[in-house]
Trainee: 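The following block contains the structure, expressed as structure tokens.
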Amino acid sequence: MNKTITYEPDNSIKKGYISLFKEIFRELKYNKWLTLQLFKRDFFAIYKQSLVGVFWAFIVPIISVGTFIILNRSGIFNFGEIEVPYPIFAILGMAFWQLFSTGLITTSNSLVKAGSMLVKINFSKKSLVIASSAQSLVPFIVQLVLVGVLFVVYSVNPSVKILLFPLFMIPIILFTLGLGFIFSLFNSVVRDIGNALSVFMTFLMFLTPVLYAKPKIGILIPITKFNPLYYLISIPREIILKGSTLEWKGYLLSVGAAFFVFIVGLVVFHLTETRVTERI
Amino acid sequence: MNNSSTIQQFNNLTSNDVAIKVENVSKKYCKSLKRSMIYGVRDITKNVFGMSSNSYLLRKEEFWAVDDVSFEVKKGETLGIIGPNGAGKTTILKMLNGIFWPDKGKITIKGKVGALIAVGAGFHPMLSGRENIYLNAAILGMSREEVDEKFDSIVEFADIGDFLDTPVKFYSSGMFVRLGFSVAIHCEPDVLLVDEVLSVGDSVFRNKCYRKMDEIKRKKDVAIVFVSHNLLTVDKFCDKGIFLNKGKIKSYGGIHKVIHDYQSIINQLLDKQKSMRGVIPGIPYCTKEVKITNVKYLGRDNKEQKNFSSGDKLGIKIEYKANHTIINPIFQLSLFNKENVHISVFATHIDNIKIKSIQGKGAIECWINNLPLLLNKYYVTVAVYDNTHNLTFDYWSGAIYSQYFQVLPNRISRKMAEYTPVCKFDNKWIF
């Protein structure tokens, strides 16, 4: 292997956009194993010195859903019209939601967290971001198991389309990654991005119908209508629970938007990643 | 391969042998964190929209940390970068590694780059040695097959014994560095960047590392860039060098010349600020209570001489000046050939010679009968220690001051030369 590397200011810009995609693809392919290793590292780092380990992923949704049930029973909070038992509805929604929220927070912090390493070793930063987004997969799987248990407990039969869940994950993950690529860049230069994000995330969860049904009155109607997260999370849930949905158009548009965000994020990241280490 | 004439020859070769080419490279840093943030966001945004960030211009509170630096390193060659702190040495290394990108100029590198910069940086404390080997190797760009294949060799070189499956946070710092170095050295780069890493670890391991680096350099034709404050190591290990100061190249060429230039500038600086004690990086801290004023190579007739033949008598005369009465000083001499092979060491305490005391100006001579050396250039290094051998009064190196002597060929050594031995013993055949 005797390839020649050149480092020059504004290197990627000079090469043009077409060769850019080739370059990105080659890099991702070459670093598959690295990405896996980085994922393993993050995974073990979280769960190794922990007694209950992966079971934390059970505890978090149970507590938050439990809280909402208590609020509901006390007449403070109204879920809206839900046809299935609320815990199933809520935990399934939470599983898809945290795929986005955990994913976005970990990816946005990935470069900053690895800062001391990035200034010492030159390795694929894309792998680092991708590996950290995969951190949300573990709790997702665990919560899906929890939903399965709840189906049995409440003797509710989901649609067979539940088997499509890997397909439903893809647009959410791509959307998260696209945003994560951009946020991680800016976060490594200006730390406010990361702080703002964790505050904003809770706010966003309450704005998105994750723990309640689609609202029928008030300001949330237009917000929900143009919220891609609503489609990406609630439509898969509806399909899994009922087998069909009436909002195909919104869903497909949101999927398209997710792909677009991913591509833009990836390109932006590729164009500017060389500027980041010196500012971290 | 150690003097400047060989480097001249190198330059005449085809450019195919060039492993690293650095052309007019500059790198700027920003002094203020707030501004650095603003500039960062601005540059990123510009790049996103396909605009150049005009990085060749200095903005407010920016300065050139590396300024218009050019050099080349060929395959199998070792370049040493020396200079005071803040000279830009590490920045250059980071640019060669692709961690930082130049703001001006161009860097071209042929082949795979490996770095011995802060070894073990990719380790996760919670993971075991075994897991960290795989992780670190992946980060350093090795493939899974490569690691599987080299795993045993990595473990063996690191010499971590039963601790392979222990989390590395329980490792001693020595073990940590050994494992990190071992992984890094096994990634078989075409270009190797080394930064000061070997200042940690015990001397046994350090020597092992140097041997290993020497081995890969010779066998695999690796180009090495070596940054160190230890001038002795640089002198021994490098073929050519760069002396950097405040981001600019002050001297570039054969390593002895570069070290000499560096020292003369350091000495000028020290003369200016007399109050400062002379600590020259790499040279042991010298109290200068005894100064080595000159070292001469003497011939049979007690006269200074530069050319000798095998079998001659060689005297090494060390002239010194002691500021006050020094009790039981130790004089030590090391003999090297121009390839920096340490041929022998002579010391008063080894030979059980006790010098009662010295005071004022004086000289001491060490005589070698029947000089067993063959055709080559040689030099000595001289050091004066106190009676415990812990405190260095002064240090002198013939390589740095270009004080060599030559052994000319004679009838016998000419015949021996084809086998390239380093010395000739006084031997007898009995039959």
Side-chain angles (χ1 to χ4, degrees), chain A residues 1-14 16-17 30-38 40-42 44-49 114 116-124 127-128 182 185-186 188-193 264 267-280, chain B residues 25 27 29-30 36-41 43-56 94-113 115 117-119 121-122 124-127 131-132 134-144 147 167 190:
Chain A
M1 194 182 74
N2 229 343
K3 57 172 185 173
T4 305
I5 324 161
T6 332
Y7 301 122
E8 235 181 324
D10 305 324
N11 212 353
S12 314
I13 294 173
K14 282 176 189 154
Y17 279 93
Y30 183 79
N31 288 306
K32 265 191 311 198
W33 189 58
L34 167 65
T35 314
L36 183 72
Q37 289 294 317
L38 288 171
K40 270 199 203 154
R41 179 197 66 163
D42 292 342
F44 285 121
I46 295 172
Y47 296 113
K48 248 196 178 169
Q49 207 169 27
S116 63
M117 204 162 103
L118 287 173
V119 296
K120 284 172 192 147
I121 311 172
N122 184 16
F123 63 103
S124 169
S127 294
L128 193 68
I182 295 174
L185 274 179
F186 283 98
S188 57
V189 181
V190 184
R191 296 289 138 85
D192 306 61
I193 305 287
V264 169
V267 169
V268 167
F269 193 83
H270 187 76
L271 282 179
T272 55
E273 62 181 336
T274 56
R275 297 221 150 260
V276 162
T277 30
E278 58 196 88
R279 309 268 183 205
I280 254 176
Chain B
V25 161
K27 176 83 205 161
Y29 285 144
C30 183
S36 164
M37 279 165 37
I38 295 164
Y39 293 153
V41 172
D43 289 348
I44 288 177
T45 315
K46 274 186 174 170
N47 280 179
V48 170
F49 293 106
M51 289 188 285
S52 163
S53 48
N54 292 336
S55 56
Y56 53 88
K94 284 187 173 172
M95 282 195 284
L96 293 177
N97 201 5
I99 295 172
F100 293 168
W101 283 51
D103 285 315
K104 260 198 293 192
K106 187 176 171 186
I107 297 174
T108 316
I109 293 176
K110 263 192 208 143
K112 189 173 163 190
V113 181
I117 305 176
V119 290
H124 197 288
M126 216 75 104
L127 303 182
E131 290 162 326
N132 265 312
Y134 278 92
L135 170 67
N136 207 235
I139 292 174
L140 295 175
M142 278 196 245
S143 71
R144 173 182 217 140
V147 193
D190 301 306

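Treat the numbers as computed from the prediction; the structure is a model and nothing was measured. Reminder, nothing fancy here: chain letters follow the sequence lines and each chain counts from 1.
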Trainee: Among Met142(B), Met37(B), Met95(B), which residue has the highest count of heavy-atom pairs closer than 4.5 Å to chain A?
Mentor: Met37(B)
Trainee: Mind checking side chain to side chain contact (heavy atoms under 4.5 Å, CB included) for Asn97(B) and listing every partner two or more places apart, or none if nothing turns up?
Mentor: Asn122(A), Ile99(B), Val113(B), Ala115(B), Ile117(B), Leu193(B)
Trainee: Mind ranking Thr35(A), Leu34(A), Ile5(A), Leu185(A) by heavy-atom pairs under 4.5 Å with chain B and telling me who comes out on top?
Mentor: Ile5(A)
Trainee: To the nearest 0.5 Å, tell me how far Thr6(A) OG1 sits from Lys110(B) NZ.
Mentor: 11.0 Å
Trainee: Which region of Val276(A), side chain (C-beta onward) or backbone (N, CA, C, O), has a non-hydrogen atom less than 4.5 Å from a non-hydrogen atom of chain B, or is it both or neither?
Mentor: side chain
Trainee: Measuring heavy-atom distances to chain B, does Leu128(A) have an atom under 4.5 Å in its side chain, in its backbone, in both, or in neither?
Mentor: neither
Trainee: Any Lys/Arg nitrogen of Glu131(B) or Lys40(A) sitting under 4.0 Å from an Asp/Glu carboxylate oxygen of the other?
Mentor: no
Trainee: On a heavy-atom basis, which atom in Lys94(B) and which in Val119(A) lie closest, and how many Å separate them?
Mentor: CE-O, 2.9 Å
Trainee: Show the nearest heavy-atom pair for residues Thr272(A) and Ile44(B), with the distance to one decimal.
Mentor: CG2-O, 3.4 Å
Trainee: Quick one: what part of Leu96(B) sits under 4.5 Å from any heavy atom of chain A, side chain, backbone, both or neither?
Mentor: backbone
Trainee: List the residues meeting side chain to side chain contact (heavy atoms under 4.5 Å, CB included) with Ser55(B), not counting sequence neighbours, and say none if there are none.
Mentor: Pro9(A), Arg275(A), Lys28(B), Ser53(B), Asp103(B)
Trainee: Identify the two heavy atoms, one from Gly122(B) and one from Met117(A), that lie closest to each other, and give their separation to 0.1 Å.
Mentor: CA-SD, 3.4 Å
Trainee: Which atoms of Lys104(B) are under 4.5 Å from chain A, going by heavy atoms: the side chain, the backbone, both sets, or neither?
Mentor: backbone
Trainee: Of the listed residues (Ser143(B), Gly98(B), Cys30(B), Ala121(B)), which shares the most heavy-atom pairs with chain A below a 4.5 Å separation?
Mentor: Gly98(B)
Trainee: Kindly give the heavy-atom pair with the smallest separation between Gly105(B) and Glu8(A), and that separation in Å.
Mentor: O-CG, 3.5 Å
Trainee: Do you know which two heavy atoms are closest between Val147(B) and Trp33(A), and how far apart they sit?
Mentor: CG2-CH2, 3.7 Å
Trainee: Please give me the minimum heavy-atom distance between Ile109(B) and Tyr7(A), naming the atom from each residue.
Mentor: CD1-CE1, 4.1 Å
Trainee: Which one, Pro167(B), Pro125(B), Ser36(B), leads in non-hydrogen pairs under 4.5 Å with chain A?
Mentor: Ser36(B)
Trainee: Quick check for you: to the nearest 0.5 Å, what is the distance between Gln37(A) atom CD and Arg144(B) atom CZ?
Mentor: 7.0 Å
Trainee: Distance from Leu38(A) atom CG to His124(B) atom NE2, nearest 0.5 Å?
Mentor: 11.0 Å
